[in-house]
Amino acid sequence: MGTYIPHTDEEIAGMLAFLGLSDINELFAAVPEAVKLQRTLELADGVGEPDVLAHMEQFADQNRARNDRLVCFAGGGAYDHEIPSVTRALAGRSEFVTSYTPYQPEVAQGVLQAVFEFQTMVARMAGLPVSNASLYDGGSAAVEAVNLGVAATKRQTVWVSEGIHPHWRQMLATFAVGTGHIIRTIPLVGGVTAWPADPTGVDGSPGVVVVGYPNYLGCLEDLSAVRALCDRLGALMVVGADPLATGLLRSAGDWGADVMVGEGQVFGTTLGFGGPYLGLFACSSSHVRRLPGRLVGETVDVEDRTAYVTTLRAREQDIRREKATSNVCTNQTLMAVTAAIQLGWLGTSGLIEVATRCARATHYTRGAVLAVDGVTPWAEAPVLREFAVRLPIAADTVIERMADAGFLAGISLEGAVDGGGHGLLIAATERRTADQIDAYAAALAKAVA
Amino acid sequence: MGTYIPHTDEEIAGMLAFLGLSDINELFAAVPEAVKLQRTLELADGVGEPDVLAHMEQFADQNRARNDRLVCFAGGGAYDHEIPSVTRALAGRSEFVTSYTPYQPEVAQGVLQAVFEFQTMVARMAGLPVSNASLYDGGSAAVEAVNLGVAATKRQTVWVSEGIHPHWRQMLATFAVGTGHIIRTIPLVGGVTAWPADPTGVDGSPGVVVVGYPNYLGCLEDLSAVRALCDRLGALMVVGADPLATGLLRSAGDWGADVMVGEGQVFGTTLGFGGPYLGLFACSSSHVRRLPGRLVGETVDVEDRTAYVTTLRAREQDIRREKATSNVCTNQTLMAVTAAIQLGWLGTSGLIEVATRCARATHYTRGAVLAVDGVTPWAEAPVLREFAVRLPIAADTVIERMADAGFLAGISLEGAVDGGGHGLLIAATERRTADQIDAYAAALAKAVA
Amino acid sequence: MMIDENATIITGAPGGKASSAPLLGRDAEPTLFELSHPGRRSWSFRTTGIPEVGVEDLVPAIHRRTAPVDVAEVSERDLVAHFTRLSHRQFSVDLGAYPLGSCTMKYNPKICDTVAGLPGLAGVHPAAPASMTQGWLGLMVELEETLCEVTGMAAATLQPAAGAAGELTGLLLMRAWHDAHGATRHKVIIPDSAHGTNPASVTLGGYEVVTVPSDDRGCVDMAALRSVLDEDVAGIMLTNPNTLGLFEEDIAEIAAAVHRVGGLLYYDGANLNAILGVVRPGDMGFDIVHMNLHKTFATPHGGGGPGAGPVAVSERLVPFLPGPRPYRTGSGEPGAAFGWLTPERSIGRVHTWHGNTLVLARALAYILANGGDGLKQIAQVAVLNANWIRQRLHHTYDVPFDRPCMHEVVLSTRTLKAEHGVRALDVAKRLLEEGFHAPTVYFPLIVEEALMIEPTETESPQTLEALAVSLEAIAAEAVRVGAEALATYPHGTPVRRVDEARAARTLIPTYDAKD
Amino acid sequence: MMIDENATIITGAPGGKASSAPLLGRDAEPTLFELSHPGRRSWSFRTTGIPEVGVEDLVPAIHRRTAPVDVAEVSERDLVAHFTRLSHRQFSVDLGAYPLGSCTMKYNPKICDTVAGLPGLAGVHPAAPASMTQGWLGLMVELEETLCEVTGMAAATLQPAAGAAGELTGLLLMRAWHDAHGATRHKVIIPDSAHGTNPASVTLGGYEVVTVPSDDRGCVDMAALRSVLDEDVAGIMLTNPNTLGLFEEDIAEIAAAVHRVGGLLYYDGANLNAILGVVRPGDMGFDIVHMNLHKTFATPHGGGGPGAGPVAVSERLVPFLPGPRPYRTGSGEPGAAFGWLTPERSIGRVHTWHGNTLVLARALAYILANGGDGLKQIAQVAVLNANWIRQRLHHTYDVPFDRPCMHEVVLSTRTLKAEHGVRALDVAKRLLEEGFHAPTVYFPLIVEEALMIEPTETESPQTLEALAVSLEAIAAEAVRVGAEALATYPHGTPVRRVDEARAARTLIPTYDAKD
Ligand SMILES: Cc1ncc(COP(=O)(O)O)c(C=O)c1O
Ligand SMILES: Cc1ncc(COP(=O)(O)O)c(C=O)c1O
């Protein structure tokens with residue numbers, strides 16, 4: 001029998017007999033012959049685990065850009081942060097890994113409490129009172145935030161800063177086709193969003209304004225201006241924030257945001273070529289009944305002991321169906337638990353420390369890189385843990401050359417901002433050393449020469 | 001405070017105050033100034049975990065003979081067997097890893113039952129009714145077996161076949177100095193032990209006879225002759241058996257052994273440069289009160305539920321003190337639990353399968369190697385999963401040359417048997433493929449040319 | 001014997017006893033915030049040699065936060081104890097049978113954890129160019145081709161992060177296709193047995209939900225379906241086998257009818273496990289298919305995610321797939337065998353990067369281990385197990401649609417409730433006490449007091465036996481002790497029945513919301 | 001509602017319910033042999049391309065076994081469930097405080113697991129030549145040098161697999177040294193407070209045990225010691241701080257007296273954690289020192305092992321150390337910096353290979369993380385924690401030797417027993433119910449009703465607080481409810497008090513021994 005099937009042939013025969021059947025294929029009598037597959041699947045037969053591993057290791061080996069081979073200076077929403085053994089060990093506990101969504105709270109307090117702690121941590125970083133139990137990734141969190149904002153303001157127009165991750169903006173465009181939202185991109189000038197004084201054109205006044213903090217170019221924008229704009233327009237303020245940066249930066253809520261969304265990969269989740277990551281979503285209390293996704297709340301059991309349970313379920317698809325606030329069901333719980341563990345490891349001082357170390361490494365890198373002939377700043381606005389430069393030649397070429405020198409140089413700004421082809425987005429995390437950065441700058445000098 | 005110390009300075013101050021102390025060094029008032037260390041330890045200050053890992057990875061990198069770099073054909077009591085993810089995952093459960101010897105059975109049923117299952121599996125492989133909860137390694141198990149035998153027969157002379165692992169024989173010699181045993185090595189002829197017809201010389205008749213199965217050269221000896229010998233001499237028969245080989249071979253008990261000892265590394269423990277490994281020890285019921293080490297037995301709790309507990313404790317050092325059967329306290333429990341898991345994964349059919357695959361690979365390798373010019377068999381006796389050959393040049397030289405070709409060629413017989421300098425011990429496990437073996441033989445042809 | 005009067009409390013924070021370790025299973029585990037004590041720490045970082053510039057020089061004043069984010073401060077030792085204890089308060093597949101209907105809680109092979117942890121897969125930045133990520137692209141292409149063979153479709157996107165994301169992606173594909181053919185349509189049909197994500201996705205896709213009833217066979221009522229089919233119908237979403245665990249026998253007719261009015265068929269792949277290698281959605285006439293890799297292909301559910309919901313489509317819909325997509329360039333140059341391509345009429349991006357990639361890697365490893373032969377056996381035994389349970393229990397519980405089922409069976413406590421007031425929930429909670437996870441309850445909505453049991457193929461016959469014996473015993477007990485007594489269960493769990501109403505009434509979504 | 005009469009039992013084996021998961025914590029977990037069913041399997045191996053020769057052609061008939069070894073046959077899924085459930089029946093450091101005196105159950109950093117799993121360390125064959133294992137040899141030399149600095153000794157062997165193995169190695173070194181100096185001696189002195197392995201090792205070393213009593217300070221009675229010292233004394237074994245947690249203040253005098261008669265001093269390093277960086281055995285006059293890396297240097301105990309018991313010696317004993325030993329060759333050639341060397345008068349090999357090497361790697365990683373500064377803080381806080389417990393509880397329990405202790409404190413229930421019949425065992429079992437592991441009981445033997453508490457430095461103040469509160473509450477409860485009631489504990493553990501007498505009376509050492 002198949003690799004992970006316990007049954008022996010005798011047992012199968014016995015079970016079939018109990019069902020009054022003689023052949024296992026009779027189980028599929030309800031399937032019309034006409035549609036049945038009349039051949040076997042054209043896939044290789046099953047192989048032993050060692051062969052499977054060997055096969056997968058071949059793929060792994062063909063990835064040149066693994067962070068144990070190329071020193072990583074790429075960011076853009078996915079960062080090469082320290083993941084301590086303790087986080088891997090705890091997040092790998094099979095009780096967390098192999099359980100389903102906590103439908104039976106009596107036997108799911110482990111996941112429920114961990115998520116409750118996660119929600120508390122996210123809310124504190126966001127400076128907002130409510131956080132959900134996770135969404136797919138930063139981009140999907142942004143989409144849900146826009147849906148919430150439009151539903152709240154009943155206005156379909158959405159202003160999105162060009163400083164929002166280009167992939168998030170692409171997702172907003174994709175899903176707007178279904179929801180009918182009108183997405184208007186507000187350009188960056190000098191690294192910060194140039195908000196129009198007033199709504200122009202047919203779109204009308206926006207119900208939602210979305211801004212990045214720091215934005216995609218790593219720049220820090222003055223969000224008080226955005227808050228003022230939203231007040232004037234009566235729009236919801238959605239901030240796409242880097243949660244790790246909150247170790248040093250004012251929180252979204254502190255700037256007056258109604259909703260904070262973000263990418264939680266920075267808290268203990270491996271780069272993993274982009275997934276699974278962790279969509280963060282926090283908002284003000286007034287919007288809790290429009291919250292997308294699961295929400296864990298504290299309560300008590302019949303013996304009055306503290307207990308946790310998913311709550312406000314009436315918002316969700318399985319109950320509200322076509323009127324649900326979102327269609328999300330399976331989310332990224334394990335990454336949320338991982339983040340709670342990683343944040344527990346960082347703690348209050350560690351969150352500040354890691355943000356500070358990233359900022360130091362980034363500023364040190366920026367200095368070294370801008371000292372390279374022909375490399376100039378993309379924008380003058382202040383940066384924290386990531387920055388963009390203009391190269392004398394195409395960024396793609398430079399990235400290829402830098403790989404030969406042992407570095408993943410960064411991300412080309414091609415397609416992200418106008419004329420981005422010569423733009424390179426560079427991030428240096430707490431894992432980068434002065435030696436690595438100096439070598440990087442030296443290699444860059446050769447690469448652009 | 002130190003890396004893994006929770007205390008804050010305030011807490012330490014508070015605790016000192018509670019003790020009426022003002023300085024933490026006052027805690028060491030009982031230590032005479034004269035002997036106190038008047039300087040700080042000349043060791044580097046503590047560093048963060050990433051630095052520690054980097055330091056240890058350097059060592060790892062400097063090991064050329066790692067089985068992910070050199071294809072392993074070395075055996076000699078330590079084998080490169082398959083260790084599935086499932087064994088690693090289960091044996092790595094922190095409840096097994098971070099618990100102490102099960103002194104409180106009410107909260108140690110996990111380890112106790114796993115060890116009870118281990119004992120059952122070892123006893124079944126040994127063909128003997130009793131197994132202990134593990135000893136340090138194969139060699140220490142052999143030493144304990146000899147101690148038991150001498151105690152049982154009150155005769156200090158021990159006959160040890162030259163086919164017993166040379167390191168085991170060295171250990172027997174080392175510890176005999178303390179126990180006063182007289183160890184006599186009985187030579188191998190044609191790969192099998194040439195037992196003397198009768199005791200000769202001053203030593204007198206042996207109380208214990210120790211033989212390997214298969215022996216160090218991989219050869220299978222006819223143990224019925226050894227049983228007959230022991231009957232004639234009134235000696236205990238101790239068999240040093242390869243437990244994995246019992247998938248195909250008759251068990252020690254089946255041959256009439258009184259005690260079986262063996263190296264349990266083959267069941268899920270990594271090569272790890274030789275430790276921690278797993279000493280196996282099984283014997284007949286008549287010797288249970290002389291059993292060295294811990295023994296888990298089944299019993300019931302006050303509610304008559306099945307429970308497990310360490311038993312016959314009166315044999316042990318903590319109770320019997322200088323009259324204990326052994327001084328062993330901490331043993332290799334985690335490796336015993338690992339072996340139980342790995343054997344559970346193998347199961348009845350898998351134990352046969354892995355032994356068969358090793359035998360096939362070994363015989364295939366033997367054929368290919370003996371086809372190489374100038375390479376001849378060391379002995380003609382039948383082999384199972386390991387064999388020895390005579391090389392035209394020094395084995396050490398060949399091993400170095402083979403490494404350049406990507407192989408750990410085997411183990412030199414220098415010091416193991418007379419004239420072993422040109423002898424090479426070769427093992428091929430179920431992990432070796434025909435391609436690897438063919439390449440090995442080709443490389444060997446070059447190496448000896 | 002006396003207790004020290006002037007014993008000083010050195011801290012108010014609760015101590016690290018295994019209070020919640022189910023070894024003892026009584027007390028609650030304090031939150032990390034309660035265990036927290038100012039000044040404790042676990043973190044450590046590497047030595048970098050980078051000058052320690054002050055925060056003032058790094059962050060302009062207006063951006064700098066004044067008060068730190070209060071996360072929690074614990075030692076690594078207490079961090080480990082806390083989460084290890086929490087794990088002991090959590091049921092999981094690794095602890096026992098988890099017959100949660102519609103969720104396919106099969107065994108998650110450990111080998112896949114090893115695969116997901118390979119440095120060469122886990123350590124790759126998603127923005128690295130194709131030339132440096134050939135392994136990942138090759139893996140994804142191989143998986144896509146495999147999934148297409150399994151579903152009988154032409155091509156697939158691996159971007160959707162879960163089933164619901166796949167549904168919405170599929171509906172946007174539907175919309176794009178109709179738009180491209182100049183026909184704006186407004187309605188999408190779903191059966192009343194559909195999962196909640198279906199209607200929710202339809203709305204987000206900008207369509208209006210039209211629900212068709214199930215007939216007495218538990219299948220789509222053909223007459224009702226025909227009555228709602230017209231030129232305004234963009235398509236229909238079906239789960240087959242459906243959420244009653246029954247195969248939609250009229251699928252060919254349904255497909256023909258829907259296609260006749262120009263509609264498309266969407267296949268909700270949540271139940272794909274039942275038909276692997278037996279019948280393929282593509283051969284049934286479906287145009288769009290999502291798969292839940294975290295169900296059918298055994299990637300672990302992680303307590304509620306991550307999953308992966310690739311969407312495969314028929315030839316005509318390929319130009320609309322989300323992009324960029326990995327593809328075979330056909331080039332022989334090293335590092336150029338695979339590349340990224342965005343279909344010319346792509347609906348655009350539906351994931352921030354390329355999907356839940358490490359989940360994809362796990363799924364491929366699982367498929368390779370099983371192979372084409374193994375996949376079919378999975379379906380066979382999954383269906384066998386479910387039918388054995390049905391046959392064994394159909395005298396003990398009501399079976400609303402009592403005929404051979406596929407991979408899951410929906411029982412009901414209708415009679416038990418009518419005669420003894422015992423509800424499905426009571427049976428479920430009582431089963432927890434037996435050491436099993438509960439079945440899915442009250443779904444599908446069209447079955448009253450539903451108990452939806454999906455054993456999956458990895459539960460051994462003796463486990464089925466034990467499950468059946470427990471369910472029989474509970475039914476007998478229900479009659480014997482009555483509803484009230486049964487309603488007190490579970491007793492031996494870390495917590496007993498929880499006050500869900502209170503949780504919603506006085507919402508406490510964070511530790512800070514506690515008065 | 002009825003139960004199916006002709007329901008067939010498909011297998012007699014018990015099912016895979018989480019019966020033992022402490023989530024529910026009632027039923028026992030069946031053994032793997034009971035879960036076993038003929039024909040189940042988990043194993044899989046790689047494709048090798050090696051011809052499938054028949055067993056007959058591989059094994060001569062006389063050697064071939066006739067019946068297979070009946071191991072157990074389970075699916076991988078049931079294997080995982082079984083051992084995961086067993087793990088839920090096991091207390092561990094990771095679950096809570098483990099104040100087991102003399103065992104130093106401190107937190108085991110997870111980083112060390114990562115180190116022990118490095119392919120470059122875990123994948124190395126022990127017989128590979130030095131030229132191909134330079135990393136391992138370098139690691140071992142660095143550890144040896146570090147341990148020598150910590151103990152104040154000249155050189156060390158890393159071969160002994162645990163403390164007891166180190167003891168025997170040390171005694172053989174003692175014997176070798178005396179033999180080399182032509183004086184065969186017969187006696188080794190140990191205090192009556194010594195751990196059982198000491199006398200047991202003395203016997204195996206071929207010596208006769210001479211026990212000296214402790215005086216009213218809990219230290220070696222100097223007068224008694226002097227009275228037994230003569231030319232026939234090979235040496236003395238001391239634990240300092242001793243097993244009462246007290247520092248042997250007369251250590252200098254003891255050393256002088258023993259050395260005067262030509263004896264050697266052996267240091268049992270089980271309690272080294274108390275004095276790291278404060279005072280070194282070598283500076284106290286010890287000639288031979290064993291360390292328990294699984295205590296002082298935080299390598300996990302694994303439910304009873306593995307450990308590592310390196311033995312360090314003073315200059316004069318170096319020539320006798322076990323061999324071969326890794327050493328710095330001084331050569332600059334690549335791959336030749338380190339080599340193996342056997343001391344000219346070596347006592348020989350004491351381990352099959354080079355010691356519990358992966359445990360050694362963990363210990364070095366731990367030492368590097370802590371550093372010289374951190375090691376001293378470990379001793380300071382370990383001693384601080386123990387003294388806080390002593391001070392806090394010395395009115396509640398008897399403290400036989402009520403003066404400042406080192407890393408552990410020995411309490412006694414003497415008064416509680418006299419007045420209320422409550423024994424140390426009852427307090428220990430009652431403490432299990434509170435979620436703590438019990439202290440060591442009835443050791444050292446010279447203290448009646450001993451409760452030996454070693455908090456270690458990694459337990460936070462709040463954990464100490466909780467432990468103290470529980471012990472105070474138990475003492476109060478003992479008075480309130482009396483001995484009988486207390487003797488019924490624990491209640492909430494997977495099993496309650498077990499019948500140890502029966503286990504010894506009717507021995508069941510394997511599943512097959514069951515009637
Ligand atoms: C029938 C059905 N459809 C859709 C879904 C949604 O899939 P996901 O949870 O992966 O979003 C589920 C999951 O429970 C389901 O059972
Ligand atoms: C004081 C003392 N000496 C010696 C030993 C024996 O050490 P091991 O268990 O590592 O053999 C112990 C271990 O408990 C001990 O506490």
Side-chain angles (χ1 to χ4, degrees), chain A residues 2 6 27 30 41 43 45-46 49 59-60 62-67 74 90 93-95 97-101 106-107 109-111 120 136-137 139 170 174 178 270 272-276 297-299 301 306-307 311 317-318 321-322 324 327 330-334 345 347 350 359 411 433-434, chain C residues 28 42-43 48-49 58 73 83 86-87 89-94 111 118 120 122-128 132 134-135 139 161-162 164 196 199-201 203 205-206 209 247 301-307 348-349 352-353 356-358 371-372 374 377 383 460 493 495-496 498 503 508 510-511:
Chain A
L27 289 168
L41 289 172
L43 299 175
D45 280 355
E49 290 188 351
F59 289 128
Q62 290 156 8
N63 289 321
R64 207 172 152 208
R66 39 197 284 188
N67 60 358
L90 294 175
R93 296 276 307 171
S94 64
E95 297 87 342
V97 175
T98 71
S99 50
Y100 199 77
T101 303
E106 298 85 353
V107 293
Q109 288 299 299
V111 164
T120 302
Y136 304 133
D137 57 20
Q170 290 167 29
T174 301
T270 55
F273 203 48
E298 184 186 310
T299 182
D301 76 351
T306 301
T311 189
Q317 44 75 25
D318 51 338
R321 303 184 68 86
E322 58 264 42
N327 69 331
T330 291
N331 44 72
Q332 309 284 118
T333 308
L334 187 60
W345 175 76
I411 304 176
T433 66
Chain C
S42 308
W43 61 267
T48 63
L58 296 169
E73 300 177 79
F83 284 102
L86 284 185
S87 74
R89 290 164 74 80
Q90 180 64 45
F91 193 90
S92 64
V93 170
D94 279 13
I111 178 80
L118 290 173
V124 180
H125 193 286
M132 306 175 199
Q134 288 290 297
L139 185 162
S201 299
T203 304
V209 173
F247 193 84
H301 284 75
R349 184 183 283 280
T352 301
W353 295 105
N356 279 348
T357 29
L358 284 176
Q377 292 166 339
V383 172
S460 60
T493 45
V495 298
R496 294 180 54 193
V498 309
I508 306 179
T510 72
Y511 182 72

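Quick note: numbers below take in every heavy atom, side chains included, and nothing from hydrogens, waters or symmetry partners. These numbers were taken from a predicted model, which means no experiment stands behind them. Proteins get letters first, then strands, A, B, ... in listed order; numbering begins at 1 in each.
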The interface call for A:Thr333 against chain C, heavy-atom contacts under 4.5 Å, is both
Just wondering, do C:Asn356 and A:Gln332 contact through their side chains at under 4.5 Å, heavy atoms?
yes
Would you compute the distance between atom CZ of C:Arg349 and atom OG1 of A:Thr174 and round it to the nearest 0.5 angstrom?
8.5 Å
Need one label for C:Val495: side chain, backbone, both or neither, based on atoms under 4.5 Å from any heavy atom in chain A.
both
Sort A:Ala324 into side chain, backbone, both or neither according to what part of it lies under 4.5 angstrom from a heavy atom of chain C.
side chain
Where is the tightest heavy-atom contact between C:Gln90 and A:Gln109, given as atom of each residue plus distance?
OE1-N, 4.0 Å
With a 4.5 Å limit on heavy-atom distance, are the side chains of C:Pro306 and A:Leu334 in contact?
yes
Toward chain C, the part of A:Leu90 with a non-hydrogen atom under 4.5 Å
side chain
Closest non-hydrogen contact found for C:Ala127 with A:Ile411 is CB-CD1, 3.5 Å
Which atoms form the tightest heavy-atom contact between A:Phe273 and C:His125, and what is the distance?
CD1-O, 3.8 Å
For the candidates C:Val498, C:Leu118, C:Val124, which exhibits the highest count of non-hydrogen atom pairs separated by less than 4.5 Å from chain A?
C:Val124
Tell me, for A:Arg93 versus chain C, whether the close heavy atoms (under 4.5 Å) come from the side chain, the backbone, both or neither.
side chain
